[in-house]
There are 2 protein chains.
Amino acid sequence: MARTVTEKADILPLLAEVFREHGYEGASLSLISQATGLGKGSLYHFFPKGKEEMMTAVLASIDHWFETEIFQPLLTSAAPAAAIEAMFVAVRVYFASGQRVCLVGLLGLSDSRDRFAEAIRDYFARWVQALTTALQRTHQTEQAAREQAEQIVAGIQGAIVLARALGRPDVFDRVLDEMKGRQPGKSGG
Amino acid sequence: MARTVTEKADILPLLAEVFREHGYEGASLSLISQATGLGKGSLYHFFPKGKEEMMTAVLASIDHWFETEIFQPLLTSAAPAAAIEAMFVAVRVYFASGQRVCLVGLLGLSDSRDRFAEAIRDYFARWVQALTTALQRTHQTEQAAREQAEQIVAGIQGAIVLARALGRPDVFDRVLDEMKGRQPGKSGG
DNA sequence: TTAAGAGTTTACCTATCAGTACAAAGTGCG
DNA sequence: CGCACTTTGTACTGATAGGTAAACTCTTAA
C-alpha cells in the first residue's frame, strides 16, 4: 500500500509524456495511472482537482523549462546570435527531431484548447517576443525582427507536424538548418 | 421516419468539420449525430464500419480537394510560378487564415495517428512532391526545390498552429506572405 | 396493391470514462 | 512501542463511449 514518498516533481515528466502521446482527452486516468505507476488514490491525492490540474501542472513545468533554457538566454544573453544558435540546438534535442510532439502546440489545435487558452497563448507569445528581442539586437528593425521570429516559431511547429506525418526526422533537421542558415552573420539574408 | 434521401456526399463536409473541431477521439457519435442531424442508425447505414470509416471517407474527400485544387495545378500548370502563387491564395482561404485547423496535420500529431498513418503520409508527401516539381520548373535544382518545398509546407502547418494558439489570423497571413515573397521572381531570394 | 429496399428511430448492450469514498498500510516523531 | 499524518489500493458511482438489433416509415415500381 503506501510505500514510496512520491514527489509531485518526479511524476510530472511521466505525466507530460502521456499527455504528449495521447492528448488531453485521450489520456485516460487508467493510462495515466499505468504510465506513472500511481493508483487513482495517489493521483487524486497529488492533484485533487483531477486531470485538469494535472495538465495545468505539466504546462507550468514545460513553461518553466522554456523560460530558463530558451527565453531568458534569448532575452539577456550578451551574444544574441549565439543564443539563437543555442535555441535551435536545444529545440532539436527537446523535440527529438520532430518525433516528440509539442504538447502546447497540440493542445492549441485540439478540442481542449479553450480550457488552457491562456497558457497556450502565453507560451507562444513569450517565445516570439524573446526571439524578436534577440533578433532585434542583431541589428534588425523591430518589425523585421518580429516577422522573422514569427516565421521561425511557426517553422519549428510546422517542422514537427511535417516530420511526424512523414515519419522522417531528417525533414525536421533540414527545415531547422535552412532557417538557421537564413540568420544574419550566416550564409545569406 | 425515413424521409430525406440523404446523400453521403452531403454529410461529408459536416463530418469533416466535427473531426476538425474535436479530433478523431473527441468527436463522439452523439456530437457527430448532432452535427449531421443523423441518428446513429443512419450513420451506421452510411458507414457500416463506424467512426473509422467516417474518418477515412473524410480524409478521401480532403485528399480529392487538394489533388484537384492544389497538387495538379502545381504539377501541370504551364506557369509554375503562378500556380505557386495560386496555392498560397487557396491555402489562405481553405484554412481561414489559421482559424480552421488542418485535419490531416492534427491527426498526425494525435493519438490516432497510427490508424491513418498511410493517408497522412501520402497527403504530405504528395504536397511536398507537387511543390518541388513546380519550384524545380522555376529554374531551381532538384535539391534546392525540395528543401524549399519542405520549408513552405512546414511553414503553412506551423502558421496554423501559431495563429490559432495566439488567436491572431494576421500572423498566419504574415508568415505566408513572407514565404511567398521569398519565391524566385519576387523581391529577393 | 403490394413487396423490396433505402433510410430512420428507438432501445439496448458492454466497456470505459472521470471522479469519490474510505479503510488499510505505510512513514516519521516522540 | 504508539500515535498522527501521509500515501495508496480497492470498490464504487453515474455518465457516456462506440456499437448492435430490430421495428418502423417512407419511396419506387411492377
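Just so we're on the same page: letters track the sequence lines, and every chain starts at 1.
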Atom CG of B:L38 and atom P of D:dG18: how far apart are they, to the nearest Å? 16 Å

Is there a salt bridge (charged side-chain N to carboxylate O under 4.0 Å, His left out) between A:R121 and A:E118? Walk through the geometry before answering. CA-CA 5 Å; A:R121 193 175 351 96; A:E118 196 184 324; 5.9 Å; no

Under the salt bridge (charged side-chain N to carboxylate O under 4.0 Å, His left out) rule, what do B:E150 and B:R146 come out as? Steps first, then yes or no, please. CA-CA 6 Å; B:E150 288 170 352; B:R146 181 163 300 275; 5.3 Å; no

Side chain to side chain donor-acceptor pair (under 3.5 Å) involving B:R168 - partner list, sequence neighbours excluded: B:D170

Starting from P on D:dT7, measure out to NZ on A:K8 and report it in whole angstrom. 11 Å

I need the CG-P distance between B:D10 and C:dG7, as an integer number of Å. 11 Å

Given atom CG of A:L43 and atom P of D:dT10, what is their separation to the nearest angstrom? 14 Å

Inter- and intrachain pairs under side-chain hydrogen bond (donor to acceptor under 3.5 Å, both in side chains), touching residues 60-74 of chain A, at least two apart: A:D63-A:R126, A:E67-A:Q72, A:E67-A:R126

Go through A:T133 and A:Q129 one step at a time and tell me if the side chain to side chain donor-acceptor pair (under 3.5 Å) criterion holds. CA-CA 6 Å; A:T133 302; A:Q129 180 53 52; 3.2 Å; yes

Are B:E178 and A:Q148 linked by a side-chain donor-acceptor pair shorter than 3.5 Å? no

Tell me: OH of A:Y44 to P of C:dA21, nearest whole Å? 12 Å

By the 4.0 Å heavy-atom rule, please label B:G41 as base, sugar-phosphate, or nothing. base

Separation of C:dG19 P from A:M55 CE (nearest whole Å): 13 Å

So if I define the base as every atom that isn't primed, P, OP1 or OP2, how would nucleotides 12-17 of chain C read as a B/S/- string at a heavy-atom cutoff under 4.0 Å? -----S

For B:H45 and C:dT8, is the shortest distance between a side-chain N/O and OP1 or OP2 below 4.0 Å? no

Between D:dA17 atom C1' and B:H22 atom NE2, what is the distance in whole Å? 15 Å

